[in-house]
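Accompanying notes for the structure given below.
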Amino acid sequence: MSTLETEPITLTERREVSHPCAQSGPSTLSVHGGRQPNPYHSLCEPIVQTATYTFIDTEDLCYFKDQSLWGEVPDRYEYARYGNPTIRSVERRLATLEAAEEAVLFSSGMAAITTTLLTLLPTGTHLVITEDAYRQTRQFCTQFLKRLGITCTVVPIGDYSALEEAIRPETRLIFSETPTNPYLRVVDLERLAEIAHRHGLITVIDTTLASPLNLRPLEWGIDLVVHSATKYLAGHNDLLAGVVAGKAECIAPVRENLGMMGATADPHNAAWLLRGLKTLGVRIERHNHNGQAVAEFLERHPAVECVWYPGLPSHPDHAVAARQMRGFGGMVSFTVKGDLDATSRFVDALTIPQIATSFGGAETLVSQPAVMSYYELSSEERQALGIRDNLVRLALGIEDVADLIADLEQALGVLKNNG
Ligand SMILES: *Cc1c(COP(=O)(O)O)cnc(C)c1O
């Protein structure tokens with residue numbers, strides 16, 4: 001016999017490990033939240049790259065099946081579409097960060113949103129969403145769900161009587177985003193939750209733009225929170241993932257449907273996400289700092305028409321944001337004094353920000369929504385959606401803010417020269 005066969009790896013007995021408690025700060029939780037021992041005692045989570053799992057014998061298999069039947073989330077798995085230990089580690093961490101009982105990871109933010117809504121909305125029901133929502137979410141709610149006999153009413157953000165008036169006997173759910181994109185509107189979550197609960201409705205909030213460092217919707221009475229983990233959570237513009245977190249009883253059927261619909265995350269992406277999460281606290285601090293400084297600079301600049309940033313007292317939702325959020329984030333939208341083409345010339349004159357959609361990574365990204373996201377629409381159609389030709393969306397990264405401001409200053413000079 002070889003030494004390898006005579007000396008099998010002996011796994012130490014499972015012991016309770018000390019967890020950072022739920023009262024720990026968000027940076028502590030993003031580093032340690034939900035930590036559990038693994039068989040190798042490795043500090044970093046092992047990447048379990050497998051499509052399926054083995055059982056020692058039939059008794060072992062039956063024990064696993066019983067555990068599932070008792071409704072426990074087993075600490076082992078049958079097949080990778082139903083679960084994976086690397087992915088489970090991310091889910092535990094994100095659940096603690098959101099102060100949620102449970103979380104499920106998906107292959108993208110849209111997978112999290114669509115699977116959650118398909119799970120919670122039976123045929124014949126109705127949902128209310130707020131306008132200025134992520135474009136694909138709005139299309140899914142107003143067009144795709146209609147094919148399944150699920151109807152949708154879109155109400156203006158900040159109009160709580162319109163929200164309440166839109167509720168019908170068949171309404172099941174209110175979906176909203178905060179802050180929104182591109183106008184950074186902030187929803188009063190306490191007010192929204194109060195209306196929803198009075199009518200027995202489930203509330204789902206997409207808070208991708210805030211991250212759990214700046215806002216935790218469950219603390220304000222919201223039932224479920226969804227994120228595109230592609231953005232701030234992963235933080236490096238190098239992977240796609242999504243998450244939904246909330247009460248265990250709401251999450252269980254979503255997890256079951258994920259196992260059927262199959263928008264499962266990938267264990268390598270999960271490991272990268274865990275790595276990104278460790279720096280979430282310091283990254284968000286910098287995004288918040290850069291966002292505030294750039295918004296204040298732009299608001300003072302003569303070539304800038306209007307600035308939307310919840311940290312500015314001039315923003316329509318500043319008071320709600322100041323009460324509800326720990327920081328105002330790294331996204332700033334503004335209109336410049338110029339038409340569609342002049343705005344494009346300003347964007348092209350920037351040297352540090354890269355022209356790209358998305359946000360939440362280290363790099364500052366810039367986009368002119370009229371060109372980037374709404375290119376195929378006419379100017380009138382864009383106006384109807386509130387997308388102005390001279391609107392610029394700046395997703396601030398973590399560069400030195402003095403460099404970003406100097407770059408904006410020189411690029412805004414292009415507008416002055418062209419009247
Ligand atoms: C990016 C984004 C999504 C979609 O997430 P993906 O990971 O790209 O699928 C949903 N909602 C918001 C607010 C987003 O910014």
Side-chain angles (χ1 to χ4, degrees), residues 87 90 94 98 103-118 127 129-142 144-145 154 157 174-187 189 203-215 217 222 224-245 254 258 261-266 269-270 272-273 276-277 284 287 291 308 310 325 328-333 356-361 363-367 369 372-374 385-387 393-397:
I87 289 170
V90 182
L94 291 174
E98 287 292 1
V104 197
L105 193 70
F106 291 83
S107 55
S108 71
M110 280 317 296
I113 291 166
T114 56
T115 308
T116 300
L117 292 179
L118 285 169
L127 81 155
I129 68 167
T130 48
E131 66 179 10
D132 200 20
Y134 190 70
R135 194 178 182 194
Q136 281 68 29
T137 302
R138 196 173 56 218
Q139 283 173 340
F140 179 76
C141 289
T142 58
F144 188 94
L145 287 179
V154 185
I157 255 182
I174 301 176
F175 186 99
S176 188
E177 288 178 24
T178 192
T180 64
N181 167 22
Y183 292 113
L184 290 312
R185 297 299 308 269
V186 177
V187 176
L189 296 179
T203 46
V204 186
I205 299 292
D206 179 340
T207 187
T208 300
L209 265 83
S211 92
L213 267 282
N214 283 339
L215 175 67
I222 297 300
L224 292 174
V225 53
V226 293
H227 283 278
S228 168
T230 310
K231 316 290 169 51
Y232 289 117
L233 296 177
H236 294 76
N237 285 321
D238 52 11
L239 65 89
L240 291 178
V243 65
V244 55
V254 176
L258 165 64
M261 294 176 185
T264 312
D266 166 271
N269 276 355
W272 285 45
L273 183 47
L277 281 172
I284 293 294
H287 286 294
W308 289 267
M325 300 176 76
F328 305 112
M331 181 86 86
V332 180
S333 293
T357 190
S358 202
F359 59 92
E363 302 86 356
T364 293
L365 304 180
V366 64
S367 73
M372 178 66 80
S373 306
Y374 296 89
L385 289 171
I387 302 300
R393 193 185 89 170
L394 198 57
L396 293 153

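The first residue in the sequence is number 1, and the count goes up from there. Counting convention: from 1, in listed order, for ligands and their atoms alike.
For Thr364 (side chain) and Leu396 (main-chain N/O), no donor-acceptor pair under 3.5 Å exists by modelled atom type. The backbone N or O of Met110 sits less than 3.5 Å from a side-chain atom of Thr114, completing a donor-acceptor pair. Under the 3.5 Å distance criterion, the side-chain polar atoms of Ser333 are matched with a main-chain donor or acceptor of Pro182.
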After noting the C-alpha distance and the side-chain angles of Glu98 and His227, does the key distance pass the side-chain hydrogen bond (donor to acceptor under 3.5 Å, both in side chains) rule?
CA-CA 11 Å; Glu98 287 292 1; His227 283 278; 2.6 Å; yes

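Paired with Val226 under the rule side chain to side chain contact (heavy atoms under 4.5 Å, CB included), one option of Val204, Ile205, Thr207 passes, and it is Val204. Applying side chain to side chain contact (heavy atoms under 4.5 Å, CB included) to Thr178 and the options Leu189, Ile157, Leu184, Thr208 leaves one that passes, Leu189.
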Which atom pairs, nitrogen or oxygen on both sides, join ligand 1 and the protein at under 3.5 angstrom?
{"from": "ligand 1", "atom 1": "5 (O)", "to": "Ser228", "atom 2": "OG", "distance (Å)": "3.0"}
{"from": "ligand 1", "atom 1": "7 (O)", "to": "Gly109", "atom 2": "N", "distance (Å)": "2.8"}
{"from": "ligand 1", "atom 1": "7 (O)", "to": "Ser228", "atom 2": "OG", "distance (Å)": "2.8"}
{"from": "ligand 1", "atom 1": "7 (O)", "to": "Thr230", "atom 2": "OG1", "distance (Å)": "2.7"}
{"from": "ligand 1", "atom 1": "9 (O)", "to": "Gly109", "atom 2": "N", "distance (Å)": "3.1"}
{"from": "ligand 1", "atom 1": "9 (O)", "to": "Met110", "atom 2": "N", "distance (Å)": "2.8"}
{"from": "ligand 1", "atom 1": "11 (N)", "to": "Asp206", "atom 2": "OD2", "distance (Å)": "2.7"}
{"from": "ligand 1", "atom 1": "15 (O)", "to": "Lys231", "atom 2": "NZ", "distance (Å)": "2.8"}

